[in-house]
Amino acid sequence: MKQGLGAIYAAGPDGKLEPLLWQGYENEATLQQLIAENPHLLGGDQIDPDDPRRWQLVRREMTIHDAETGTGWWSVDHLFLDQDAIPTFVEVKRASDPRIRRETVGQMLDYAANASVHWTAHHIREALRSPEVDPDALVEEFSKRGSTEFWKELQRNLDDRKVRLLFVADHIPPKLRRVVEYLNEQMKIEVLAVEIRKYVADGKTVYVPYLFGNTSEATDRKSGGAINNFHGRLRFEEVRKLCQEKGDEIVVGYNDGLAALEAAPIEELKARAGYKWDFTVGGTGKKDPKRWFKGNEFLKVVSAKEG
């Protein structure tokens, strides 16, 4: 089992809990096929809980031309569209692949830079077309709006370079998580990572997607909210001590909120560079309530992890 990834438990008919253990994928192609056939595993409900992202696969291995030569140079593992016509590039790697961080990040930035230059809505529309598929009828059913409006919105998104980058793996290493969080906080486009964990036991297989990168700071920047919406940053032991002193008088910010905190291994929490905190009453700026929680909640989760 991958270090830091605990088992999950399923209750049998007798109420007895059965552990399902983490298992990696046989190869990259297996994970790619799983995503193509089951795009809901990309965590659309975690990316936008109020309006979950729905996905339409355009093509696997979609060619992107080099901006200087005009020749086919890259092919993205999957190109999806969401219901708001935002092109979403998905690059798949297994955690065991040494390229998962530096090379993959560089690839994805190349995709975003060059696809926005060379692709048009017409180009993507025709990539969807086949003898069995009418792209107009397909997007109308998928997006719940007229095809003409959808293709115009897609072209506007391409012109504005409004795209989304999704790194997908069986396990997202901490170093890649930090890079993704930084890029998503600093860039106009969305840069996220999805970890699709696979658990097995006695012929049962369970897939659990976890989203990384959608931090409170990134959300505030992209929504036009306050950027400096916190009082300070503290290391793990410092913020724990402050929570012990202040309890619910303070709030702590953490990635996707309480659920992400509960899912993270204690070693990762202790190694984190810093935790944003603020006062519950009279704090600084706007805060997403899904990503901020009170001091006593932080202590409760940490205590449970340490036994």
Side-chain angles (χ1 to χ4, degrees), residues 1-10 17 19-25 31 43 46 93-102 104-105 166-185 191-201 206-218 230 232-247 250-277 290-307:
M1 185 165 60
K2 190 77 175 176
Q3 184 177 6
L5 296 182
I8 61 175
Y9 297 86
L17 295 184
L20 281 72
L21 302 180
W22 183 91
Q23 184 181 90
Y25 296 86
L31 182 53
Q46 298 177 51
K93 289 286 185 289
R94 290 189 298 163
S96 58
D97 190 329
R99 301 171 299 169
I100 194 170
R101 186 165 63 95
R102 289 191 178 181
T104 304
V105 171
L166 281 185
F167 299 88
V168 179
D170 51 352
H171 174 60
I172 303 295
K175 289 183 178 179
L176 178 57
R177 293 185 200 177
R178 287 193 286 271
V179 171
V180 167
E181 289 175 0
Y182 176 80
L183 291 175
N184 198 36
E185 289 172 357
V191 184
L192 303 168
V194 179
E195 182 175 279
I196 303 178
R197 299 183 186 178
K198 177 183 177 183
Y199 295 91
V200 297
V206 176
Y207 299 98
V208 184
Y210 288 87
L211 181 73
F212 299 100
N214 208 11
T215 65
S216 57
E217 186 166 338
F230 57 95
R233 290 181 186 268
L234 295 172
R235 301 283 295 185
F236 176 83
E237 293 298 340
E238 296 171 326
V239 78
R240 172 156 64 177
K241 182 178 179 182
L242 186 63
C243 288
Q244 289 170 341
E245 294 173 354
K246 301 292 186 181
I250 67 167
V251 289
V252 179
Y254 182 84
N255 291 356
D256 295 321
L258 197 59
L261 184 75
E262 291 171 339
I266 187 64
E267 294 80 10
E268 180 182 318
L269 299 182
K270 291 182 176 180
R272 187 175 174 83
Y275 292 82
K276 291 186 291 186
W277 73 275
K290 300 185 185 73
R291 296 176 173 87
W292 288 81
F293 42 89
K294 293 182 178 180
N296 283 329
E297 291 178 299
F298 179 85
L299 292 175
K300 181 179 179 181
V301 173
V302 169
S303 297
K305 289 180 177 294
E306 293 185 327

### Message
I need the minimum non-hydrogen distance between Ile250 and Cys243, along with the two atoms involved.
### Response
CD1-SG, 3.8 Å
State whether the side chain of [X] and the backbone N or O of [Y] hold a donor-acceptor pair below 3.5 Å, judged by distance alone.
X	Y	value
Glu238	Arg235	yes
Lys198	Leu31	no
Arg94	Tyr25	yes
Arg291	Asn214	yes

[X] [atom1] to [Y] [atom2] distance, which is reported to the nearest 0.5 Å:
X	Y	atom1	atom2	value
Ile172	Lys93	CD1	NZ	11.5 Å
Leu211	Leu166	CG	CG	8.0 Å
Leu192	Glu181	CG	CD	10.5 Å
Tyr275	Leu261	OH	CG	6.5 Å
Leu17	Ile8	CG	CD1	11.5 Å

#### Entry: Pair Glu306 + Lys270, salt bridge at N-O below 4.0 Å
yes
#### Entry: Presence of salt bridge, Glu237 and Arg240, under 4.0 angstrom
yes
### Query
Taking the six-membered ring of Tyr210, is NZ or CZ of Arg197 closer than 6.0 Å to its centre and within 45° of its axis?
yes
### Task
Dump the intermediate steps for side chain to side chain contact (heavy atoms under 4.5 Å, CB included) on Val180 and Val105, then the final yes or no.
CA-CA 9 Å; Val180 167; Val105 171; 5.9 Å; no
### Message
For Arg233, give me all partners under salt bridge (Lys or Arg N to Asp or Glu O under 4.0 Å), at least two apart in sequence or on another chain.
### Response
Glu217
### Message
Could you go through Phe212 and Phe167, starting from their C-alpha distance and side-chain angles, then the distance that decides it, and tell me whether this counts as side chain to side chain contact (heavy atoms under 4.5 Å, CB included)?
### Response
CA-CA 9 Å; Phe212 299 100; Phe167 299 88; over 6 Å; no
Show every donor-acceptor pair shorter than 3.5 Å between a side-chain atom in residues 294-301 and any protein atom, with sequence neighbours excluded, or say none if there are none.
residue : atom : partner : partner atom : Å
Asn296  : ND2  : Asp248  : OD1          : 3.2
Glu297  : OE1  : Lys294  : N            : 2.9

### Task
Tell me, yes or no, whether the heavy-atom count around Tyr182 atom OH, taken from other residues, nucleotides or ligands under 6.0 Å, exceeds 12.
no
